[in-house]
Every structure is written in C-alpha cells, then in structure tokens.
Amino acid sequence: MFTHSNRGLALVVAGFSLNLSVLGITLNYNILHLKLQEQFNATASETGIVGGVAVGLFNIASPLTTFLCQACSPRHVVIVGAIMCGSSLVVSTFLSQFSHLIFSYGVLFGVGSSFVHIPPLYLLVFYFSGKRYNRACVAILTGIGAGVAITSPLLEKCFSVYGFFYTLRMYGACTICIGLTASLAMGKPRLTKTKTCKYGPIANSKNDQVNDLRLNLINHPVSAELKAKQRSNDFKGEKTETKDKELPFCQETICKIILLQELEIEEATLKKNSNGSISNTKYDKEITNEIKHSVTVEVKAKQENNDFNDENKIKELTLSEEKISKIILLKTMLRSSNFWICQPMFFLFSIGITFSFVSAANFMDEKSMSSEEIARTLSFMGIGSLITRVVFVVIASCLPVSVTFIISISNLLLCVLSILLTFDISNTCLTVLFIGLSIPRALCLVLSLPVCVELFGKRISTEAMSVAYCFFGMGSLVSQAVTDNLYDLTGSYDTALYTCSVLFFVCTLSFGVVILKSSRKQNKEYKSCYSKYLQHQ
C-alpha cells in the first residue's frame with residue numbers, strides 16, 4: 001500500500017513527466033515551425049499562426065481546466081488531455097491541407113496541453129503545504145524547462161533519422177502512453193468513511209481514527225471489564241504478553257466492545273467451542289455483519305425522519321453567500337485602477353514572449369544558422385529558463401524589492417535584448433543573446449501570478465489570475481499576426497523585433513507607474529500614522 005507521502009511524490013513525478021513531454025512541444029514550437037514550412041511550402045505567418053493558437057489556447061483554457069478538475073476527477077482530465085495531445089500529432093501527419101493544422105494541432109494540442117498541465121498543480125494542495133508545497137510546485141514546473149532543453153536536440157535528431165511524419169507519430173504515441181501512466185497518480189487523497197453508532201465513530205480499517213477512539217473508549221466501562229477479564233485470563237483463547245498491555249483498538253476490538261454491551265453476550269455463551277476457547281475468525285465475521293446491519297438501519301431511519309434538512313439548508317446558504325461574495329470581489333477588481341493599468345500589460349508582453357516560443361528558430365534560420373546550431377541554442381534557452389526558475393524560487397523570500405519591480409526590470413531587459421537582436425552579429429553572439437533573453441522571459445512567466453497577488457490582494461487574486469491567463473492567451477493568439485506577418489511583408493524580422501521592444505518598454509512604464517502609486521500610498525499612510533502618534537503624545 002502507498003502512503004500519503006508516496007502518493008504525493010508520485011504526483012510530482014507524474015506532473016514533471018507530463019510537462020517535459022507535452023509542454024516541451026507547446027512552448028518550443030520553433031523546431032516544428034521550420035519543418036512545417038518545408039513540408040507544406042507555407043509562409044512564416046501561416047505556420048506561425050498554428051503555434052500561436054496552441055500557446056494562446058493553452059493559457060485561455062486554464063480557467064476551464066480548473067473548473068473541470070473541481071467538477072470531475074482530475075485523472076479523467078489528464079487522460080483526455082493526453083489523448084488530445086497525442087492524437088493531434090498523429091492526425092496532423094495525415095493532413096494534406098495546411099489550414100487544417102490550425103484545428104488538428106493548434107486547438108487540440110493547445111487545449112490538451114492545459115488539460116495535462118493544470119491537474120498536477122491543482123492536486124498539490126491536497127498533499128503538501130508550506131515550503132514543501134513550494135518545492136513540489138517548482139519540481140513540477142521545472143519539467144517545462146527540461147522539456148524545452150531536451151526536445152529541441154531530440155526532435156532534430158529524429159527528424160534526420162526517421163523523417164518528419166514518422167517522428168511526430170512516434171512522439172504522439174509516446175505522449176499518450178506517458179499521459180495514461182501519469183494519470184494513475186492523479187487522484188485526491190483517500191478520505192476514510194467512518195460509520196457511527198451511539199458510542200462514537202467506528203473505523204473502517206485498523207489505522208483509521210485510532211487516536212480519537214483511544215480517547216473515547218479507553219475509559220469505557222465495557223473496555224474496563226474486558227481488561228479485567230483479560231488480566232484474569234477469563235478469555236482462555238487470547239493470551240497476553242504483558243499484564244498491563246492494552247487491547248489493540250482496531251476494528252475487531254471496537255466491534256467487540258460495542259456488541260458486548262448492546263447484545264448482552266454472556267460469558268457462558270462465549271465458551272461453547274469444543275476446545276473451550278473463542279473462534280476469533282467466525283466471531284469477527286458475525287460481529288462485522290451485525291455492525292453493518294445496525295448502521296444501515298440507523299442511516300435509513302435518519303433519512304426517513306429528514307434529520308439532514310438542516311445541513312442541506314446550511315449548504316444552500318453557504319453557496320449563495322459564496323456567489324454574492326464573488327460578484328462583490330469582481331466589482332472591486334474592475335473598479336481598481338491597477339486592474340486597467342496592469343492586466344492589459346499581460347496582453348502586450350505576451351506578444352513578444354510568444355515570438356521567442358514560435359518564431360525564434362525562423363529568425364535564426366534567416367541569420368544563416370544551421371539546424372544543429374538552432375537546436376543547440378534552443379536547448380540552451382531551455383536550460384537557462386530552468387535555472388532561472390529554480391534560482392528565483394530559492395531566493396524569492398530574501399529579495400528586498402517587490403515582485404512588480406522585478407517584472408518591470410525584466411520587461412526592460414527584454415526590450416534591450418530585442419533591439420540588440422537586430423544588429424548584424426556572429427552566430428555565437430546571437431546564441432548568447434538568446435540565452436540571455438531566456439532569463440527575463442522566464443521571470444515574466446514565473447512572476448505573472450505573484451504580481452496578481454501583490455497588486456490585488458489574496459481576496460481577489462484568483463479572479464485576477466484568471467483574467468491574466470486570458471489576456472496572456474489572447475496576446476499569444478495575435479502574436480503571429482504582428483511578428484510573422486511583418487516578416488512576410490518586409491522580408492526581415494527587424495520590424496517585428498522593434499515592435500516587440502516598444503511593447504516591452506510600454507509594459508516597463510506601466511508597471512513602474514503602479515510601483516510609484518503604491519509607494520506614494522504607503523508614504524501617505526506612514527505620515528498619517530506618524531501624525532496620529534504625535535497627537536497622542
């Protein structure tokens with residue numbers, strides 16, 4: 001049998017493997033971007049739209065995935081997502097028209113990626129808490145960086161050996177197998193169902209509610225009688241190792257204690273065996289059947305007498321209060337100036353970040369980099385993203401600045417690096433710039449949710465996160481219309497990179513305005529508190 005900690009560890013391993021296999025493709029569409037142009041003779045904007053739709057729907061479908069995890073089993077959500085991702089890769093290899101790829105890969109793989117990414121993170125709260133939760137969450141999310149680092153050279157090697165279509169079919173089949181295997185760990189902790197009688201709860205297994213039952217039954221009069229009889233060896237068939245040893249409070253012992261009083265079993269009737277001892281196996285079966293029958297009768301009687309009406313009314317009132325509170329929180333969020341300043345910024349910087357997920361390989365190809373160099377650069381970008389995520393989580397609690405300030409600086413770095421990419425430089429310098437770009441890109445992705453908590457507070461952080469996901473997804477959907485279309489029109493990515501740099505700079509200014517507003521608000525509060533202190537003195 002697996003313990004609670006073992007199930008949590010299995011969940012972390014399953015989440016890591018799902019992110020490695022699936023999101024290593026979703027957030028690293030660059031290799032497929034080049035191959036699809038060769039296979040279908042398509043333009044950069046046409047192939048880029050497919051990857052942009054996948055990344056966009058991956059983010060937009062996150063609130064839907066969370067709802068499905070709450071409404072039904074997370075295991076079923078992962079199974080459906082794995083089948084969608086694997087089948088989309090397989091089906092895409094049999095299509096003759098490129099426009100069909102928008103649905104077969106963009107829609108199916110994008111939504112399926114969300115279905116396999118969210119459930120492990122949703123289930124973590126049931127197994128871990130505090131620092132252990134943070135570590136488990138980081139361990140699962142590191143699968144994304146590891147997937148980007150591994151899939152780039154792996155797919156490039158497989159494409160050269162097995163061909164484009166056979167590689168996608170094999171990868172799709174492996175994705176389904178990994179998803180179905182990982183779904184076995186996607187279960188909530190088992191809740192023990194306890195039966196009750198007039199003496200208290202009855203455990204279903206030997207380890208259930210042992211501590212509570214000890215407190216309730218150790219001083220019970222029947223328990224005292226049994227102990228006295230045990231010490232005096234009235235039960236000849238059960239020998240004690242020590243005189244003061246307590247009876248084991250497992251299911252069989254509890255049933256004996258209850259039924260000895262309820263059924264008034266006499267000592268003479270217990271000694272009718274031929275050997276003068278109790279037949280424990282037969283006796284336990286009879287007691288268990290009697291307990292099940294008595295509990296069933298009590299439950300039916302309560303249902304007939306409508307004893308649970310009060311509980312149903314309380315649940316209905318609680319649900320109505322939750323709905324009203326959510327509406328009030330949404331109104332509060334919409335009235336906040338930080339909402340209209342910051343939330344659109346997720347839309348803007350997602351356009352530039354999606355360019356690095358989808359069109360970076362096409363840009364490197366334009367700069368005359370070989371396929372091996374492109375795969376190596378993308379792999380280094382994945383490693384850089386992975387290291388950045390891990391290091392930031394380790395030092396996050398020690399940082400002297402706010403999360404909003406860090407994401408503002410990250411957008412400024414992305415602006416500068418985007419401009420530097422337009423210069424005519426060597427392939428080595430280009431690789432270094434892309435590795436450097438992966439660091440602020442990872443920070444922007446990691447800090448998107450903490451920024452919502454910092455700006456809007458914990459009460460409306462969930463709603464703010466959902467809106468941020470939707471804005472990020474919409475930015476990913478229109479990203480290729482801004483970047484790859486400009487490339488098709490001008491024949492160069494310089495215009496697209498300048499556009500991305502402007503968007504990053506606007507995000508830097510917007511987050512900076514929010515920082516100034518919060519600092520002024522804190523200064524006013526400090527001055528008011530200080531003035532009250534002086535008046536009190």
Side-chain angles (χ1 to χ4, degrees), residues 11 14-29 31-33 35-36 47 49-123 140-141 143-144 147-148 151 155 164-187 354 357-358 469-470 472-474 476-477:
L11 175 65
F16 178 87
S17 61
L18 287 172
N19 285 336
L20 187 146
S21 60
V22 177
L23 295 188
I25 297 291
T26 308
L27 301 181
N28 190 26
Y29 180 75
I31 296 294
L32 296 181
H33 193 183
K35 297 298 180 181
L36 287 175
T47 54
I49 287 174
V50 177
V53 169
V55 177
L57 292 181
F58 164 70
N59 292 281
I60 293 176
S62 297
L64 172 63
T65 308
T66 304
F67 171 76
L68 292 177
C69 290
Q70 296 172 349
C72 58
S73 173
R75 179 179 289 113
H76 296 160
V77 178
V78 171
I79 292 174
V80 173
I83 294 175
M84 289 175 65
C85 292
S87 61
S88 68
L89 293 177
V90 176
V91 171
S92 298
T93 61
F94 295 99
L95 298 178
S96 57
Q97 296 184 6
F98 183 81
S99 58
H100 296 164
L101 282 175
I102 297 176
F103 175 79
S104 65
Y105 178 85
V107 176
L108 287 180
F109 202 89
V111 177
S113 300
S114 179
F115 283 0
V116 302
H117 174 67
I118 299 298
L121 301 176
Y122 168 78
L123 290 172
I140 290 179
L141 293 178
I144 301 176
V148 174
T151 54
L155 290 178
F164 178 73
F165 292 123
Y166 284 107
T167 300
L168 289 185
R169 292 167 191 170
M170 290 188 296
Y171 198 91
C174 292
T175 300
I176 295 176
C177 294
I178 293 173
L180 295 178
T181 305
S183 66
L184 298 176
M186 300 297 160
T354 306
F357 288 143
V358 176
Y469 268 123
C470 292
F472 196 96
M474 288 187 291
S476 300
L477 289 176

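The figures that follow rest on heavy atoms only: side chains count, while hydrogens, waters and symmetry mates do not.
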Set of ring-ring contact (aromatic ring centres under 6.0 Å, His included) partners for Tyr469, sequence neighbours left out: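 Partners of Tyr469 under the ring-ring contact (aromatic ring centres under 6.0 Å, His included) test: none.
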Residues that Tyr122 engages under ring-ring contact (aromatic ring centres under 6.0 Å, His included), provided they are two or more places apart: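 With sequence neighbours excluded, Tyr122 shows a ring-ring contact (aromatic ring centres under 6.0 Å, His included) to Phe126, given in chain and number order.
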Please lay out, stage by stage, how Ile118 and Leu68 fare under the test side chain to side chain contact (heavy atoms under 4.5 Å, CB included). CA-CA 10 Å; Ile118 299 298; Leu68 292 177; over 6 Å; no
Can you find a pair of side-chain heavy atoms, one from [X] and one from [Y], that are under 4.5 Å apart?
| X | Y | value |
| --- | --- | --- |
| Phe164 | Leu32 | yes |
| Tyr105 | Leu36 | no |
| Thr151 | Ile31 | no |
| Ile144 | His117 | yes |
| Ser21 | Tyr171 | yes |
| Met170 | Leu89 | no |

How close do [X] and [Y] get, counting heavy atoms only, and between which atoms?
| X | Y | answer |
| --- | --- | --- |
| Val22 | Ser113 | CG1-OG, 3.4 Å |
| Gly86 | Ile176 | CA-CG1, 3.6 Å |
| Val78 | Ser183 | CG1-CB, 4.1 Å |
| Pro119 | Thr65 | CD-CG2, 4.0 Å |
| Pro120 | Leu18 | CG-CD1, 4.3 Å |
| Thr175 | Cys85 | CG2-CB, 4.1 Å |

Could you grab the distance from atom CZ of Phe94 to atom CG of Leu168, nearest 0.5 Å is fine?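 Reported value, rounded in 0.5 Å steps: 10.5 Å.
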Kindly compute the distance separating CD1 (Ile83) from OG (Ser88), expressed to the nearest 0.5 Å.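 These two atoms lie 12.0 Å from each other.
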Closer than 3.5 angstrom, by distance alone: can the side chain of [X] be matched with the main-chain N or O of [Y] as a donor-acceptor pair?
| X | Y | value |
| --- | --- | --- |
| Arg169 | Val90 | no |
| Asn19 | Ile140 | yes |
| Ser62 | Asn59 | yes |

Test Met186 against every option in Val116, Leu11, Val77, Ile79 by the side chain to side chain contact (heavy atoms under 4.5 Å, CB included) rule and name the one that passes.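 The option that passes is Leu11.
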Check each of Val55, Val50, Leu57 against Val53 using the side chain to side chain contact (heavy atoms under 4.5 Å, CB included) test, and report the only one that passes.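 Of the listed options, the one satisfying the test is Leu57.
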Is there a side chain to side chain contact (heavy atoms under 4.5 Å, CB included) between Val91 and Leu108 once you walk through the steps? CA-CA 10 Å; Val91 171; Leu108 287 180; over 6 Å; no
Please list, chain by chain and in numerical order, all residues satisfying side chain to side chain contact (heavy atoms under 4.5 Å, CB included) with Thr181, sequence neighbours excluded.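 If we apply the side chain to side chain contact (heavy atoms under 4.5 Å, CB included) test to Thr181, skipping adjacent residues, there are no hits.
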Indicate whether the side chain of Ser104 and that of Ser92 have a donor and an acceptor atom separated by less than 3.5 Å.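 A pair is found: one side chain offers a donor N or O, the other an acceptor, under 3.5 Å apart.
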